[in-house]
Amino acid sequence: MRRFADYNPVAVAVYSLCAAGVCMFTMDPVILGISLVGALLSLGVTGQMRRWEMHLYTAALLAVMVLVNPLVSHRGQTVLFVMNHNPVTLEALIYGAAAGGMIVTVMYWFRSFTAVMTSDKLLYIFGSLSPKLALLLSMALRYVPLFGHQAHQVSRSQQALGLYKEDNLIDRMRGGMRVFSVMVTWTLENGIITADSMTARGYGTGRRTRFAIFRWTRGDVLLLAATLLLTALTVICLSGRDVRYYPAFRLPPVTARAMAGFVSYGLLTWLPAFITGKEALKWHCLRSGI
Amino acid sequence: MALLAVRNLTFTYPGCTGPALQGVNLTVEKGEFLAVCGPTGCGKSTLLRLLKRELAPLGERSGEILFDGMPQDALTDRESAARIGYVMQKPEHQLVTDKVWHELAFGLENLGLPQPVIARRVAEMAAYFGMESWFDREVSTLSGGQKQLLNLAAVMVMQPELLILDEPTAQLDPIAASEFIATVHKINRELGLTVILTEHRLEEVIPACDHLLVLHRGRVLDCGAPRAVVGRMADQPELLPFLPAAAQLYHAIGAQGACPLDVREGRVLIEKCGRSGLSLPAEAPLDEKGPPALRLREVYFRYGRNDPDVLRGLSLCVREGEICCVLGGNGSGKSTTLSVAAGLNRAYAGKAEVFGKPIRSYRNQSLYRNCLTLLPQDVQSVFLCNTVREELAECGDAENMLPFDFGPLMDKHPYDLSGGEQQLVALAKVLATKPRLLLLDEPTKGVDAAAKQRLIGVLRALKAQGVTLLIVTHDVEFAAACADRCCLMFRGQIVSEGTPRSFFGENSFYTTAVSRMSRGLLPGPVTVADATALLRWEGEA
């Protein structure tokens, strides 16, 4: 079963950027609504839905945005009440909700994006720019945890050797500094071995190529094509649609063109859910056929 | 035709008075497996690095090195990189990238091969080495043995004609080490690949190699078929500890005829020998009354809330003034036991007492003052200074506790010392806190046979000064030679304990080579010295 996360990283990255990008540059409540539902669906698809503390945090952020905007912005004609000689307006409240909704939705998009994009996928994307960059990133990804691990080991060894004379902060910091300084030596010393191992295997003898375990299949190309097509449609159909918040909130009438834009954006944002649903259904049918 | 020929090679490091290699001549035929042995500092590594042009050290060099009939310098960079593969000692630092598959592809990427070719070779190699199940893993999650196997595979994927391995098993435990050597042997046999390997543990290598070259002080002492070379070593007392136990016994009793190389041939030798009529001096019985230096009672420990238990009801008592060795396989919880005993990890159930006081009651780091210290497995993590002199200056007069002359090492960087020297300097540093209980984690790792003998002497001297030692080790020969009490650890518990002779005498697999050789033939020897005392060579019957 091919999950959404298993598609080619470039296709997935382009998809995520398009889905989040459209949302980022609009304040249209309809688009934001579609996008929020889509983002939540794709969170569900990537298995992030049950992280309740994340939802709590996002809800708190939304509440702050909704409440703070009317306190700082006093534009709008519908005054709800007056606080400290300042009017609190309905329009500012709605605008705060829309802006907050936009930020929260984009955050959700990036949540599902980071859940899918493991380090090797990011490496694959950035490595397309240059094989050298790919190697550098890969070495960094290996080295950083290695350094942390060794620093922890040294610190423990030194603790058992009585480096930390007493249980106080200053003494700990002093010990920590010595551990850090020896870690620099350790890095340089063992870096020589890595360098030897690299030259021994022909690093720097000529132009490098790049090997990756990700391929382009028909499905990946289809996903990429669908993403670009739907995004273009959305942008064309919705350009010029002007939602006004001040002085009075006004939604422009839903024309056929705008409707087409909503539908294409809806299709775009719900793609991961469609793919997963289709695969699950196929799997189910296959199993019942066995 | 010879794949590699070395003619009259002499090499001097800059700033050194004497040459590191002197007049070395060497021929390696295609498909040959050559093992190079000799004590630390004999020039093994220098020789091997000179054979791989990219790694050749700077210095004054004369003589010539011919690869496939051509002078070494006539090879292009790419040819030299691809045709000669080189694997070094430390598994961890030879790895360049973060993923197993990327590491395998690294050399081929450097050669600029197209993606489909890389994909095929990487797949082939992963299948040949049985790496499919960890192909996608991060290299940091692999065990030492797996890392070294990956280093080998990452070199093999470039399809070299000559494979050079510089002490590839020094940092591995015995089981991973023998698996590694078996893999190299398999490559040699199945692919006809030419192999040059240095090693100071010869038990595994000698049955696999075609020729054995002995280097001593930069000169070739002997070269030839392993049996003949080992048989001729009788007059080289400093090289004897490097030999397999059967060969050591052969030389110790002054036997004649073909030299035995493994346990099976050793048994034949023992059957042929007469008995000396002596019996082994009685071992001191286990001390069960003395005050305990360390007592663990029903200790349970796990690293994370949802992880499995590493220690499952471990009980261990080490009496004051004894050397206790804990043996056991990988993952049996040996190192964890030490970290719990040293108070670095806290057991979630059970009691841990040091000198009769619970570990928790040692406040304010007082556990580590004049009481207990731990020498970790990675001795590099002990050093904080730039020279041995500074390192020892921190210890005060502790170096005097060790019967060892640090003079020649004083101005070197601790990382530049050999494994055995590092161990001794680290030991000196550890002793600075004047511990009454010393915990050692794998002290023989990366230490050659001669240094191991020296280490045993040092540990005995410490015992004589009243220090209690708890040693965790894989090395059965070492435990047999120095322990008062041996314990076998399995799945987080001690399953048996006893004096070395009774302990190893009762084990049939997890025991010393001499014990396996003499099973049913002699009453309970565990070391070469024991067996030598019991036997007498009466000439060929």
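Letters A, B, ... are given to chains in the order of the sequence lines, protein chains preceding strands, and every chain is numbered from 1.
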Contact origin within [X] toward chain A - heavy atom pairs under 4.5 Å:
X        : result
B:Arg53  : neither
B:Glu79  : neither
B:Leu108 : backbone

Largest heavy-atom contact set with chain B, pairs under 4.5 Å, which of [options]:
options                                : answer
A:Met183, A:His149, A:Met198, A:Gln159 : A:Gln159
A:Gln153, A:Arg210, A:Gln150, A:Arg207 : A:Arg210
A:Leu137, A:Ile192, A:Leu146, A:Leu123 : A:Leu146

Treating [X] as the side-chain partner and [Y] as the backbone partner, does any N or O pair qualify as donor plus acceptor under 3.5 Å?
X        : Y        : answer
B:Lys52  : A:Ala200 : yes
B:Asn110 : A:Arg201 : yes
A:Thr209 : B:Leu113 : yes
B:Glu54  : A:Gly202 : no

Quick one: [atom1] on [X] to [atom2] on [Y], what's the gap to the nearest 0.5 Å?
X        : Y        : atom1 : atom2 : answer
A:Thr118 : B:Glu138 : OG1   : CD    : 9.0 Å
A:Ser157 : B:Leu344 : OG    : CG    : 8.0 Å
A:Ser197 : B:Glu103 : OG    : CD    : 6.5 Å
B:Thr97  : A:Leu141 : OG1   : CG    : 10.0 Å

Would you mind reporting whether [Y] and [X] have side-chain heavy atoms less than 4.5 Å apart?
X        : Y        : value
A:Ser138 : B:Lys99  : no
B:Tyr415 : A:Val182 : yes
B:His93  : A:Thr194 : yes
B:Cys385 : A:Arg178 : yes
A:Arg156 : B:Ser339 : yes
A:Asn190 : B:Gln380 : yes

What residue, out of [options], has the most heavy-atom pairs lying under 4.5 Å from chain A?
options                               : value
B:Ile118, B:Asp416, B:Leu374          : B:Ile118
B:Leu111, B:Thr373, B:Val87, B:Val382 : B:Val382
B:His102, B:His413, B:Gln94           : B:Gln94
B:Ala82, B:Gly107, B:Gly112, B:Ala154 : B:Gly112
B:Asp77, B:Val139, B:Leu95, B:Ile84   : B:Leu95
B:Gln89, B:Met88, B:Glu92, B:Arg78    : B:Glu92

So for atom [atom1], which belongs to [X], do other residues, nucleotides or ligands contribute more than 12 heavy atoms lying within a distance under 6.0 Å?
X        : atom1 : result
A:Tyr57  : OH    : no
B:Leu58  : CG    : no
A:Arg51  : CZ    : yes
A:Phe110 : CZ    : no
A:Phe180 : CZ    : no

Test side-chain contact (heavy atoms from CB on, under 4.5 Å) applied to B:Asp136 and A:Ile213, step by step: CA-CA 10 Å; B:Asp136 282 324; A:Ile213 49 173; 3.7 Å; yes
Trace of the side-chain contact (heavy atoms from CB on, under 4.5 Å) decision for A:Thr205 with B:Thr76: CA-CA 9 Å; A:Thr205 54; B:Thr76 65; over 6 Å; no
Parallel, tilted or perpendicular: rings of A:Tyr203 and B:Phe106 (30°, 60°): parallel
